[in-house]
Structure formats: structure tokens, C-alpha cells
> 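What follows is a single structure, and I will ask about it in a moment.
A, B, ... follow the sequence lines: proteins, then strands. Residue 1 opens every chain.
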There are 2 protein chains.
Amino acid sequence: MLRITKMTDYAVLILANLALHDKKFLTAKEIASETHISLPTSQKILKKLNRNNLVISKQGASGGYALEDDTKNISVAALLKTLNGDLSITQCSSNDHQCQVEDFCNIGDAWQMINQRVQWALNDITLGDLIHPTRIEQFISTNIPVTRNH
Amino acid sequence: MLRITKMTDYAVLILANLALHDKKFLTAKEIASETHISLPTSQKILKKLNRNNLVISKQGASGGYALEDDTKNISVAALLKTLNGDLSITQCSSNDHQCQVEDFCNIGDAWQMINQRVQWALNDITLGDLIHPTRIEQFISTNIPVTRNH
DNA sequence: ATCATATCGTACTAAAATAGTACTATTTAA
DNA sequence: TTAAATAGTACTATTTTAGTACGATATGAT
Ligand code: FES
Ligand code: FES
């Protein structure tokens, strides 16, 4: 499908939300309420983000989550890789040899090339770019005119 | 996940195989045998490829499939779009408004930008580029599976 | 005309990945 | 001590993807 999962989508949304309240600790409940993502799902994602050092957490009363210092500078490529484990769009080219026809396949190099291209495309956009609309406008205007359907 | 499906993978493999036997009609059975994809699955994919005008078909005895004339010139972007229906990596930015938090999401533009970049990366690679002539020569002359590098 | 062969359409089942939830334990400030 | 919050984990449900089956139709050869 060539899709990122909803979970990753939510994760970025949450990160963006945390970035809005700079440095302040927000509880999972607050975040769920602001993003309109269900509480259990928010909690699940926040735990994952924490384990991957994208957010810092404070346990106990008046605890919560806040953005890790350098999270804003992480590239989208690295972000997706962190959240999904892998950034190769083909199963064939990932580390775990799963494709059953792999031994008879002669186009593996091609997929490899495509993976590289996609990775390049995602490498020099940071989470910070995703969050600041002005920078996004810059990106869009300097590259390709974008028509929104969203 | 940011992955193309196995089916798409198989499809490209089949297209590459058809390209090897230029213009000649191959039966689904032959293709299944050569690619080591199971016959029913091969048939399923070939039907889809035919419906999308990527291969031409001939029914009846001594029928089969062959590559459509201009299929080699189709871009990978267009190819994936044809096979998957859509090339946007985010559910949020696709045509069917499915994301439940869409109305509260303020990062839609960002995903749109990323989609654009990925699309851009895949736009000027053609199916023909996927098929390395040198590797194909090797494949033909030795008739031995080419060693993969992953 | 008949037959063997092959595609066409569609419907179905199975497997895997994703999404979402629940529960207990631990931490911490008041 | 207590209330409020995160941490870990295990579980179920849903959705998507993969794979199969079968009757109908077309076509070339005998
Ligand atoms: S290795 Fe899976 S199709 Fe090439
Ligand atoms: S519309 Fe789904 S997270 Fe933005």
C-alpha cells in the first residue's frame, strides 16, 4: 500500500501537540483530550515515544510527558524509522528475508534503488518542519505546487 | 508501514519476466513456473495487470499474456498508483476522508508535502529502469538465479 | 462440430498486520 | 498515606492482505 500506519500518524500529531506547549508536561489525559485520540491509544503511543526517547516522561502525581530536547531536529526519515522499525518500502529489500520468490527474483536491485530515493526524499525534512506552518509554506513554494485535498 | 504489498512486488516481477520474452505470449502457467509464484496468484495478478492495460491478453488455446507496448515507459509512480489505486503514504491525505481526528489535525499540510516528495522521487523512474539489461543478460545466459545482495 | 486449452469474472477462505483495550505494578508529589 | 500519573504487558477485535476455487467464455487445432 505504501502507507504509514494510523499509529504513526497519531504519533506525529501528538508530537506536534507537545511541541505547541513547549517544555510543559502534559498528562496523557490532556493530550488525548486535545488531539481527540482515545485515551488508551494515546497512552500506548506515548509509551512508545518515550521508549524511543522522543519524549521525556515524569511518573507519579503531576507527572506527564514533554518533548525531548532534540526531537524537533529529527528527520522525518529517522522518525518513521524509529516508529516503524524500518523504512524500506519493499519487503524484499528489508533485512529479514521473507519473500518466498527471493531466490528467483532479479529485480531486487531496482527496489533497493527506489527505497534509497524515498529515503532521500524524507531525509532533509525534520519534525520541526512538520510543525511550523511557515516553514512548510516555504518548502512547498520552493519545490512543487501542492494542491490540498484534505 | 510505508510498504508496498507483496502483490505489487509480484506484479513487477511478472512484468519484468514478460519483458524478458519480448512480445511473445506466455501462459499464466509458464509465468507461474518461471517466477515461482503460485499459479492462482499469478493468474490473479495477470488479470489485474490486464484490466489496467499493463499487459495484453489473448484468450483460448495458445493464448496468454504479453507486455503492452508502452508499459516499459510507465513511471514507477504511475505503476504503483495503478496497482494500488493511490500513492499517498498517509491515510489522512488521501481522497476518502477516513481519519477520525482529521477535523482537529493541524499537520495535514505537512503530510501533503511529504507525499509530494515521495511522489516526486518515484516519478522519473520507469519500469524499464527497474529491469537492468545487464542483469537480465546474465539471467538468461546462466539460467541460474542471480545472487541477491540483501 | 468437438475438444483441449486458456483467459475472465467473481466469490470465497485463510493468514497476517494493525488498532484498540484492559489490567496490574510502580512511581511521586502533596 | 493517598491520589494521580506513568510502565509494562497481555489480550481481543478489526481490517487488510494473501491465497484459492469455480463456473463462464473465448479460441485455435483436430
Ligand atoms: S525478492 Fe520478493 S519479488 Fe523480489
Ligand atoms: S488527518 Fe489524520 S492525523 Fe491528521
Side-chain angles (χ1 to χ4, degrees), chain A residues 1-11 13-14 18 24-33 35-66 83-86 89-92 94 96 98-101, chain B residues 1-11 13-14 18 24-33 35-66 83-86 89-92 94 96 98-101:
Chain A
M1 278 266 277
L2 197 62
R3 286 258 162 108
I4 63 168
T5 63
K6 259 194 204 174
M7 287 299 168
T8 302
D9 212 344
Y10 292 163
L13 191 52
I14 286 176
L18 282 174
K24 217 177 98 190
F25 276 80
L26 298 182
T27 68
K29 199 186 277 186
E30 289 172 319
I31 291 166
S33 160
T35 58
H36 291 80
I37 300 169
S38 86
L39 178 57
T41 300
S42 297
Q43 289 172 324
K44 181 180 184 175
I45 292 171
L46 281 163
K47 286 173 199 170
K48 188 174 185 183
L49 290 174
N50 177 242
R51 274 194 292 271
N52 287 107
N53 301 312
L54 292 170
V55 303
I56 54 179
S57 67
K58 203 161 65 178
Q59 273 188 326
S62 76
Y65 297 92
L83 293 170
N84 291 329
D86 189 8
I89 67 171
T90 53
Q91 306 184 311
C92 307
S94 62
D96 41 354
Q98 283 189 341
C99 182
Q100 292 170 339
V101 298
Chain B
M1 280 264 276
L2 197 63
R3 286 258 164 107
I4 64 167
T5 62
K6 259 194 206 173
M7 286 300 167
T8 302
D9 212 343
Y10 292 164
L13 188 53
I14 286 175
L18 282 174
K24 214 177 102 189
F25 277 80
L26 297 182
T27 68
K29 198 186 280 185
E30 288 171 320
I31 291 165
S33 161
T35 59
H36 292 78
I37 300 168
S38 84
L39 178 57
T41 300
S42 297
Q43 288 172 324
K44 181 181 184 176
I45 292 171
L46 282 164
K47 287 173 199 170
K48 188 174 185 183
L49 290 174
N50 177 242
R51 274 194 292 271
N52 287 108
N53 301 312
L54 292 169
V55 303
I56 54 179
S57 66
K58 204 162 64 177
Q59 275 187 320
S62 74
Y65 296 92
L83 293 171
N84 292 328
D86 189 7
I89 67 171
T90 54
Q91 305 183 310
C92 307
S94 62
D96 42 353
Q98 283 187 341
C99 182
Q100 291 170 340
V101 300

> To check you understand the geometry: which heavy-atom pair defines the closest contact between Leu26(A) and Leu18(A), and what is its length?
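Taking Leu26(A) first and Leu18(A) second, the nearest heavy atoms are CD1-CD2, 4.0 Å.
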
> Closest nucleotide of DNA chain D for Leu39(B) versus for Ser57(A): which of these residues is on the 5' side?
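Result: Ser57(A).
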
> Can you tell which of Lys47(A), Glu30(A), Lys58(A), Lys24(A) makes a side-chain contact (heavy atoms from CB on, under 4.5 Å) with Tyr65(A)?
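When Lys47(A), Glu30(A), Lys58(A), Lys24(A) are each tested with Tyr65(A), the side-chain contact (heavy atoms from CB on, under 4.5 Å) holds only for Lys47(A).
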
> Measuring from atom CG of Asn50(B) to atom CD of Gln43(B), what distance do you get when rounded to the nearest 0.5 angstrom?
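So the CG of Asn50(B) and the CD of Gln43(B) are separated by 13.0 Å.
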
> What is the separation between atom CG on Leu13(B) and atom P on dA18(D), rounded to the nearest whole Å?
14 Å

> Rounded to the nearest 0.5 Å, what separates atom NZ in Lys44(B) from atom CE in Met7(B)?
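Answer for the NZ-CE pair, Lys44(B) versus Met7(B), is 4.5 Å.
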
> Within the pair Thr5(B) and dA18(D), is there a side-chain N or O less than 4.0 Å away from OP1 or OP2?
yes

> Starting at CG of Leu54(B), measure out to CG of Leu83(B) and round the result to the nearest 0.5 Å.
6.0 Å

> Please state how far atom CG in Asp9(A) lies from atom P in dT18(C), giving the value in whole angstrom units.
14 Å

> Among dT21(C), dT20(D), dA19(C), which nucleotide has an atom closest to any side-chain atom of Pro40(B)?
dT20(D)

> Can you build the contact string for nucleotides 25-30 of chain C? Use B for base contact, S for sugar-phosphate-only contact, and - for no protein heavy atom under 4.0 Å.
--BBS-

> Atom CG of Leu26(A) and atom C1' of dA4(D): how far apart are they, to the nearest Å?
16 Å

> How close or far is atom P of dA5(D) from atom NZ of Lys24(A), stated in whole angstroms?
13 Å

> Taking atom P of dG19(D) as reference, at what distance in whole Å does atom CD1 of Ile37(B) sit?
9 Å

> Any donor and acceptor pair, going by atom type alone, linking the side chain of Ser42(B) with main-chain N or O of Ser38(B) inside 3.5 Å?
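Yes.
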
> Going from CD1 on Ile31(A) to CG on Leu46(A), what distance comes out if it is rounded to the nearest 0.5 angstrom?
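Reported value, rounded in 0.5 Å steps: 4.5 Å.
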
> Would you say dT17(D) has OP1 or OP2 under 4.0 Å from some side-chain N or O of Tyr10(B)?
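No, because none of the side-chain N or O atoms of Tyr10(B) sits under 4.0 Å from OP1 or OP2 of dT17(D).
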
> Can you tell if the side chain of Thr41(B) reaches within under 4.5 Å of the side chain of Ile45(B), non-hydrogen atoms only?
yes

> Is the phosphate of dT20(D) approached by Ser38(B) (side-chain N or O, under 4.0 Å from OP1 or OP2)?
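So the side-chain polar atoms of Ser38(B) do come within 4.0 Å of the phosphate oxygens OP1 or OP2 of dT20(D), strictly under.
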
> Are Phe25(B) and Ile56(B) close enough that some pair of their side-chain heavy atoms sits under 4.5 Å apart?
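Of all side-chain heavy-atom pairs linking Ile56(B) with Phe25(B), at least one is under 4.5 Å.
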
> Would you jot down, in residue-number order, the residues of residues 43-53 of chain A having a non-hydrogen atom under 4.0 Å from DNA chain D?
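Lys47(A), Asn50(A), Arg51(A), in order of number.
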
> To the nearest angstrom, how far is Met7(A) atom CE from dT21(C) atom C1'?
10 Å

> Establish, with yes or no, whether the OP1 or OP2 oxygen of dT20(D) is under 4.0 angstrom from a side-chain nitrogen or oxygen of Thr41(B).
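Answer yes for this pair, as a side-chain N or O of Thr41(B) is under 4.0 Å from OP1 or OP2.
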
